[in-house]
Amino acid sequence: MSTSSSKSHMAISLANNCITTLSIFIIFLILQLLSTTEAQSSICRNSCGDIPIQYPFGIDDGCGSPYYRHILVCTGGQLQLRTPSGRYPVRNLSYIDPHILVTDPLMWNCLDGDNFRPTRPFSLDTSTHFTLSSENDYLFFNCSESDVLVEPKPMFCERFPDQCDSTCDSSSYLCRHMPECPTALRSSSCCSYYPKATESLRLMLKHCASYTSVYWRNLGSTPAFDQAPEYGIRVDFDIPVTTRCLQCQDTVKGGGTCGFDIETQDFLCLCDKGNSTTYCNDRTSSHRRGVVAGTATAVSVAGAVGIGAGVWYLKKLRAKAPVTHGVQTNENRLF
């Protein structure tokens, strides 16, 4: 066999190998694109562990309201709230009385007794729709009385609390009746103070050994007798109510899931057959295929570019493929 013939067969073999590889790659891309056009609303998980996830929250990007994007994280069945000061386990989430109850493992608890561990001040992002509930009370332990005004608050403070903001109340009911462990503190001092800003809390912790948060849990409907103190931090939130979201969720109109485009943050109704800008059964609305709120749009564009590039490269190989006497054989035929 001549040298030129061997080179020709080697070129044909190489071209066939490239064609096979590219064909498999293109088929893989097509399958990926088809898999991203499955039910859109099913992409949004509706629970994390035993805690339900509903609008305005979402634990998958593009679900819920963009105001609460990347706020809740579900890891191993554990729901966590992300704030500038860290991640906090979520104990409960209520949509009727909108609030989140979180715990801070670094805060003082009954098992600590008079042993105080290093802690950190809890903080919220002021740009979000979260607020610290006024039902929280903060207890500070072993504060330096040369730096912190620790004294019993007079009775008029209950009617005019703004006039007593600078005082850490040493006669607090909670200090005298520690929830779950009234005798936990034996040789340590305690006072109650409600910091109105993160900086105030940070300054308090510079001069106090530790602190903990107690919230008042509602028990019933009888005023003044329907609350009990429990350890935790209550964070209140707003539920943005929009006509578009109500229409999207309406079962008569398709029963979609409220979401948003992850690139533009524009409203999207996530439906079984795609994303709609209004509601699922609206035939006049533009429906978009793809995973949640625009992620699949990017995938689709990338896939189209990849397929286009593959086809262009195949055509280029075909144009350069060795030809015997002007006729392609079955061995070097591309298609």
Side-chain angles (χ1 to χ4, degrees), residues 85 88-92 94 97 99-124 131-236:
S85 55
Y88 300 89
V90 175
R91 185 192 302 176
N92 188 30
S94 172
D97 176 20
H99 73 272
I100 300 176
L101 179 63
V102 301
T103 57
D104 184 353
L106 296 182
M107 281 186 175
W108 180 91
N109 61 63
C110 289
L111 296 178
D112 291 333
D114 291 314
N115 300 314
F116 301 107
R117 298 170 287 113
T119 186
R120 61 189 173 186
F122 178 84
S123 66
L124 290 174
T131 55
L132 280 174
S133 174
S134 58
E135 296 181 21
N136 294 324
D137 276 322
Y138 298 92
L139 305 181
F140 294 85
F141 308 110
N142 283 0
C143 297
S144 169
E145 295 191 13
S146 61
D147 298 295
V148 179
L149 186 58
V150 180
E151 61 183 22
K153 284 186 177 182
M155 292 296 295
F156 75 85
C157 289
E158 295 183 5
R159 295 189 61 186
F160 307 101
D162 292 342
Q163 298 182 21
C164 306
D165 278 350
S166 60
T167 303
C168 192
D169 186 11
S170 58
S171 63
S172 164
Y173 170 84
L174 291 175
C175 283
R176 291 181 286 112
H177 304 84
M178 297 291 292
E180 303 175 14
C181 50
T183 61
L185 296 177
R186 299 181 181 275
S187 60
S188 302
S189 63
C190 170
C191 64
S192 176
Y193 176 72
Y194 187 88
K196 291 187 175 182
T198 303
E199 187 60 29
S200 300
L201 178 56
R202 188 177 292 111
L203 288 173
M204 286 290 291
L205 287 179
K206 285 182 62 177
H207 306 296
C208 301
S210 186
Y211 84 121
T212 192
S213 174
V214 177
Y215 80 103
W216 292 88
R217 181 171 63 89
N218 293 324
L219 299 176
S221 58
T222 305
F225 301 100
D226 62 346
Q227 292 181 320
E230 291 187 6
Y231 294 103
I233 307 171
R234 172 172 167 147
V235 179
D236 295 336

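Residues: numbered from 1 along the sequence shown. Every heavy atom of this structure was used, including side-chain atoms; hydrogens, water molecules and symmetry mates were not.
Arg91 and Tyr231 make their closest contact through NH2-O, 2.9 Å (heavy atoms, listed as atom of the first residue, atom of the second, distance). Between Trp216 and Pro229 the shortest heavy-atom distance is CZ3-CD, 3.5 Å. Contact record, Pro152 with Asp169: CA-OD1, 3.5 Å, taken as the closest heavy-atom pair.
In the model, Ser188 has a side-chain atom that pairs as donor or acceptor with a side-chain atom of Asp114 under 3.5 Å.
If you take NZ on Lys206 and CG on Asp147, they are separated by 9.0 Å, rounding to the nearest 0.5 Å. Here Leu111 contributes atom CG and Glu180 contributes atom CD; the two are 9.5 Å apart, rounded to the nearest 0.5 Å. With rounding to the nearest 0.5 Å, the separation of CD1 in Ile233 from OG in Ser133 is 11.5 Å. The structure places OG of Ser134 at 7.0 Å from CG of Asp236, a figure rounded to the nearest 0.5 Å.
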ask   = For Phe122 and Leu132, what are the C-alpha separation, side-chain angles and deciding distance, and is it a side chain to side chain contact (heavy atoms under 4.5 Å, CB included)?
value = CA-CA 10 Å; Phe122 178 84; Leu132 280 174; 3.6 Å; yes
ask   = Going through the distances and angles, do Cys110 and Cys181 end up as a disulfide bond (SG atoms under 2.5 Å apart)?
value = CA-CA 6 Å; Cys110 289; Cys181 50; 1.9 Å; yes
task = Evaluate the side chain to side chain contact (heavy atoms under 4.5 Å, CB included) criterion for residues Leu139 and Met107: first the C-alpha distance (whole Å), next the side-chain angles of each, then the deciding distance (0.1 Å), finally the verdict.
result = CA-CA 10 Å; Leu139 305 181; Met107 281 186 175; over 6 Å; no
task = Check the pair Arg120, Asp104 against side chain to side chain contact (heavy atoms under 4.5 Å, CB included), reporting the backbone distance first and the verdict last.
result = CA-CA 9 Å; Arg120 61 189 173 186; Asp104 184 353; 3.8 Å; yes
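Aromatic ring centroids of Tyr211 and Phe140 lie under 6.0 Å apart.
Heavy-atom contacts from other residues, nucleotides or ligands closer than 6.0 Å to CZ of Arg176 number more than 12.
Phe141 pairs in a side chain to side chain contact (heavy atoms under 4.5 Å, CB included) with only one of the listed residues (Cys191, Ser189, Cys190, Cys208), which is Cys190.
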